[in-house]
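Shown next, in structure tokens, is the structure this report addresses.
Hydrogens, waters and symmetry mates are skipped; everything else that's a heavy atom, side chains included, is used.
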Amino acid sequence: MNNDVILKVQDLKTYFNTDDGIVKAVDGVSFTLAKGETLGIVGESGCGKSVANLSILRLIPSPPGRIVGGEILFHDRRVLKMSERELRALRGNQISMIFQDPMTSLNPFLRISTQVTETLRLHQGLDRMQALDKAIDTLRMVGIPNPEKRIEDYPHQFSGGMRQRAMIAMALSCNPEILIADEPTTALDVTIQAQILEIIKELSVRLDTAVILITHDLGVVSGMCDKICVMYAGRMVERAPTDDLFAAPKHPYTQGLIHSVPRLDRSSRERLYSISGAPPSLIDMPDCCPFHPRCEHAMDICRKKYPDETALTDKHRVSCWLFAESAAGGGSRG
């Protein structure tokens, strides 16, 4: 593994058993994360973004979920082989996560002080007063006013933006090497969204923390991430440095996502682009390109077999028959 790479996910597969069949929520996902790097994982709701990252921390509820294949390496340590004791030392300490909804992630019956200091006392061995002092400093770092007083509040006494700041403070309190931010700006107004993203960006630089940013908003990743992975139906369909992806998106799904973002340089009368159709069911997925029913460039081979990943450059990769070498005799479009 490259000395700068601290996390490597290889061919990860996470399935869920249901009464209707097997849901292949994550079906062969691969990516790497280097020290201090920010990676964006983008895709529509239900594409497997959150499940992939919950799998990294082995937080998939079992049953019905199970990691059926692949490898997760953190500093060459095999996360899927770790004991419960090793996982407890990993979670919240070396790898932290900001969950989607802070109101359901924070315990409504416990004061903010109790929830922030718990991680510090568990992982850093601080006594109550030491943990409280550091928790206050962390709340101040994320922009919560008068943290000495507000730390004794309950979650319902915080606004939505302040609850999200408290979640960031909890996640960063132990100076983790990796921060996973799962839709950190969901349900927040635009002004607060910008503030939260700026906090994450600033603190990741200051603490040299690598970030995995999960979102459906390409506007968010464009200004924050070093590289982007685009997910569709449980798989990575394209991954590239951010500038390369926006300058020359290759997969038809990526192109559709970028074209559907509102732009100020477009006429107000111009109809906003939308991708036709709907995402497929992930239950018992056939071995074909799942995007083909919605794709304007679909060929016969797209309905029969999933394309291998093609390296367009050293850093730009795509899974699409339009770029696969073996597609030459794959059949006609239509």
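- Electrostatic pairing of R140 and E148 counts as a salt bridge here, judged by a charged N lying under 4.0 Å from a carboxylate O.
- Here ring pair (Phe, Tyr, Trp, His ring centres under 6.0 Å) pairs that include residues 217-239, with residues two or more places apart or in two chains, are Y232-Y253, Y232-F291.
- Counting only residues at least two apart or on different chains, the salt bridge (Lys or Arg N to Asp or Glu O under 4.0 Å) pairs with a member in residues 216-241 are D27-R235, E37-K227, R239-E309.
- Q195 contributes atom CD, which lies 12.5 Å from atom CD of Q164 (distance to the nearest 0.5 angstrom).
- A 4.5 Å side-chain heavy-atom check between T138 and M141 finds at least one atom pair inside the cut-off.
- Across all their heavy atoms, A210 and A34 have their closest contact at CB-O, 3.5 Å.
- Put simply, the side chain of P155 reaches to within 4.5 Å of the side chain of I112, judged on heavy atoms.
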Self-check item: Residue pair I200, M224: steps toward the side-chain contact (heavy atoms from CB on, under 4.5 Å) verdict
Solution: CA-CA 9 Å; I200 294 174; M224 277 199 65; 4.0 Å; yes
Quiz prompt | Evaluation steps, side-chain contact (heavy atoms from CB on, under 4.5 Å), between L179 and L172 | solution = CA-CA 8 Å; L179 173 67; L172 293 174; 4.0 Å; yes
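- Between L12 and V26 the shortest heavy-atom distance is O-CG1, 3.3 Å.
- For the atom pair CD1 (I212) and CG (L33), the distance works out to 5.0 Å, reported to the nearest 0.5 Å.
- The two residues G36 and D208 have their closest heavy-atom pair at CA-OD1, 3.6 Å.
- Counting only distance, with no hydrogens or angles, the side chain of E152 and the backbone of K149 share no donor-acceptor pair below 3.5 Å.
- More than 12 heavy atoms of other shown residues, nucleotides or ligands fall within 6.0 angstrom of atom NZ in K134.
- Rounding to the nearest 0.5 Å places OG of S30 at 10.0 Å from CZ of R317.
- Formation of a donor-acceptor pair under 3.5 Å by the H316 side chain with backbone atoms of T313 is not found in this model.
- No donor-acceptor pair under 3.5 Å is formed between the side chain of H297 and the backbone N or O of W321.
- For the residue pair T14 and S55, a side-chain donor N or O sits within less than 3.5 Å of a side-chain acceptor on the partner.
- The number of heavy atoms from other shown groups lying within 6.0 Å of CD (E118) does not exceed 12.
- Note that CD1 of I178 and CD1 of I95 are 4.5 Å apart. Values are rounded to the nearest 0.5 Å.
- Remark: the backbone N or O of T117 is not paired with any side-chain donor or acceptor of R128 at under 3.5 angstrom.
- Not one N or O on the side chain of R303 forms a donor-acceptor pair closer than 3.5 Å with the backbone of H292.
- Side-chain atoms of P279 and R294, non-hydrogen and from C-beta on, do get closer than 4.5 Å to each other.
- Under the 3.5 Å distance criterion, the side-chain polar atoms of E177 are left unmatched by any main-chain donor or acceptor of Q94.
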